[in-house]
Amino acid sequence: MAQALQLAQRGLYTTTPNPRVGCVVVRDGAVVGEGWHERAGSPHAEVNALKAAGDRARGATAYVSLEPCHHHGRTPPCDEALIGAGITRVVAAMGDPDPRTAGLGIGRIEQAGIEVATGVLENEARELNIGFVSRLTRGRPWVRMKIAASLDGKTALANGKSQWITGEAARSDGHYWRARACAVLTGIGTVRDDDPQLTVRAVDTSRQPLRVVVDSRLETPLTARVLAGGGALIVCAIENKTKIAQLQDQGAKVIVMPNTGGKVELPTLMQELGRREINELHVEAGFKLNGSLINEGCVDELLLYFAPCLLGDRARGMADLPELADLGDRRGLKISETRMVGSDLRILARLESR
């Protein structure tokens with residue numbers, strides 16, 4: 001199963017909106033076939049592994065990192081492929097949260113008289129597809145917020161300048177996280193201050209994530225680099241038909257999604273991104289939008305890069321959060337990983353639910 005998960009990781013940047021899945025076929029203690037899902041619309045991991053195994057699949061065991069699919073989509077169901085190949089045992093790391101398959105793939109295989117085992121390296125399999133699981137179970141993507149800060153928690157000078165706090169290695173590492181995401185989100189403040197492209201450049205990738213800008217008053221300049229090449233999604237809170245038409249002429253898509261305060265309704269935006277089959281959302285925004293996303297329960301995980309420097313109290317912080325009167329009201333985090341990236345410290349931490 002560990003080998004199946006390693007195979008699944010080869011699709012880390014390419015399978016969206018599908019899950020990352022690997023499969024290993026074993027007969028008489030030897031691997032006779034292996035495969036992984038490469039991209040949506042291409043054969044699934046089980047089909048690739050069975051093709052590699054050929055006739056040796058008959059009487060073999062298939063180790064697969066996700067329950068074999070049961071439904072007809074762009075490709076035929078994998079449960080029938082396993083049955084037809086003469087597999088006699090299937091080991092699945094975890095069930096598929098897709099209601100078209102959930103339990104049905106395993107059930108169909110068991111009906112055919114094939115032995116089934118589940119739950120092997122389940123946690124590792126779930127982590128690999130945490131965005132897919134989030135979208136299918138919560139209707140919204142897994143939201144990972146990337147923040148580059150000084151050691152005293154500052155992300156920009158008081159005048160908004162932030163390039164560059166962290167080193168080149170950390171900036172390149174951030175592109176790997178962009179590449180695995182289905183979409184990258186920022187705010188109008190960052191567009192004005194930094195004019196980012198929001199594209200993946202430090203990693204070889206066959207696709208670019210969707211670029212999303214939260215721009216309540218439609219202030220995105222028509223010359224902004226985030227609009228280059230078309231396809232950006234601008235989310236606003238006002239119905240300015242003239243500006244909307246201008247942005248659409250640049251190839252952008254615009255959706256109006258106001259809350260009662262005249263800002264963008266962020267939780268609704270997360271649901272909309274889920275509807276658009278966004279599994280993982282990578283946030284690179286300023287401290288104001290960061291604070292709003294955290295306050296409104298839209299963030300699951302923080303990807304923090306701390307540089308060995310100090311910027312002082314007047315510099316901008318990581319997130320604009322409300323003042324607390326009691327330490328008991330502080331927001332807890334669970335640190336899942338720490339690592340040095342060049343001269344910077346990378347911390348991966350999850351927000352504890354309240």
Side-chain angles (χ1 to χ4, degrees), residues 1 4-5 7-25 35-51 57 62-87 89-143 180-183 207 210 270-281 300:
M1 186 61 74
L5 286 167
L7 290 166
Q9 288 179 337
R10 298 188 185 185
L12 190 65
Y13 308 136
T14 58
T15 64
T16 180
N18 289 354
R20 301 137 182 165
V21 184
C23 180
V24 176
V25 178
W36 68 94
H37 182 46
E38 297 180 12
R39 58 183 51 83
S42 69
H44 288 187
E46 298 94 321
V47 173
N48 287 329
L50 291 173
K51 182 179 179 180
Y63 294 86
V64 60
S65 61
L66 184 69
E67 176 183 3
C69 68
H70 179 70
H71 58 279
H72 284 268
R74 282 179 278 189
T75 58
C78 291
D79 53 4
E80 295 294 345
L82 291 166
I83 293 168
I87 291 289
R89 182 169 178 254
V90 173
V91 182
M94 61 174 286
D96 190 336
D98 190 326
R100 297 172 298 176
T101 286
L104 299 174
I106 293 297
R108 177 67 187 94
I109 291 168
E110 288 179 325
Q111 283 178 358
I114 297 173
E115 179 187 350
V116 173
T118 59
V120 179
L121 297 183
E122 181 174 3
N123 289 338
E124 291 83 349
R126 187 172 297 274
E127 286 297 315
L128 184 61
N129 282 308
I130 196 164
F132 178 75
V133 173
S134 175
R135 177 169 66 85
L136 269 294
T137 59
R138 303 189 299 175
R140 45 157 284 187
W142 180 263
V143 180
R180 69 174 284 168
C182 306
R207 66 164 185 91
L210 173 69
M270 296 303 113
Q271 295 293 318
E272 172 63 20
L273 292 176
R275 190 186 69 78
R276 292 172 181 246
E277 297 188 314
I278 301 300
N279 291 339
E280 294 184 22
L281 176 65
D300 299 299

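Heavy-atom basis, side chains included; hydrogens, waters and symmetry copies ignored. Sequence positions, counted from 1, serve as the residue numbers for this chain.
At least one donor-acceptor pair closer than 3.5 Å links the side chain of H37 to the backbone N or O of P43. S65 places no side-chain N or O within donor-acceptor distance of the main-chain N or O of A125, the cut-off being under 3.5 Å. Listed for the S134 side chain is a donor-acceptor partner under 3.5 Å among the backbone atoms of R140.
The side-chain heavy atoms of L66 and H44, taken from C-beta on, include no pair separated by under 4.5 Å. In this structure, the side chains of V21 and T15 stay at 4.5 Å or more apart for every pair of heavy atoms. For the pair I109/L82, a side-chain contact is recorded, criterion being any heavy-atom separation below 4.5 Å from C-beta on. Between T16 and R207, some side-chain heavy-atom pair lies under the 4.5 Å cut-off. With a 4.5 Å cut-off on side-chain heavy atoms, R20 and L12 count as touching. A 4.5 Å side-chain heavy-atom check between T101 and E67 finds at least one atom pair inside the cut-off. The closest side-chain heavy-atom distance from F132 to R126 is not below 4.5 Å. Contact of the R135 side chain with the P17 side chain is registered, since non-hydrogen atoms from C-beta on lie closer than 4.5 Å.
Taking both residues in full, the closest heavy atoms of W36 and L7 are given as CB-O, 3.3 Å, listed atom of the first, atom of the second, then distance. The heavy-atom pair separating E46 from C78 by the smallest distance is OE1-SG, 3.5 Å. M94 approaches E122 most closely through the heavy-atom pair CB-CG, 3.9 Å. Closest of all the heavy-atom pairs between A49 and V25 is CB-CG2, 3.9 Å. What you find for M1 and V91 is that their closest heavy atoms are CE-O, 3.4 Å. Nearest heavy atoms, A4 versus V24: N-CG2, 3.7 Å.
Here E280 contributes atom CD and N129 contributes atom CG; the two are 8.5 Å apart, rounded to the nearest 0.5 Å. One finds the CD1 atom of I114 at 5.0 Å from the CD1 atom of I83 (value rounded to the nearest 0.5 Å). To the nearest 0.5 angstrom, C69 atom SG is 9.0 Å from D98 atom CG. Note: C23 SG to L50 CG = 6.0 Å, rounded to the nearest 0.5 Å. Within the model, atoms CD of E277 and CG of L136 stand 9.5 Å from one another, a figure rounded to the nearest 0.5 Å. I87 contributes atom CD1, which lies 13.0 Å from atom CG of D79 (distance to the nearest 0.5 angstrom).
In this structure L104 satisfies the side chain to side chain contact (heavy atoms under 4.5 Å, CB included) test together with H70, sequence neighbours excluded.
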**Request:** Apply side chain to side chain contact (heavy atoms under 4.5 Å, CB included) to the pair R275 and E272, showing each step before the final yes or no.
**Result:** CA-CA 5 Å; R275 190 186 69 78; E272 172 63 20; 2.7 Å; yes

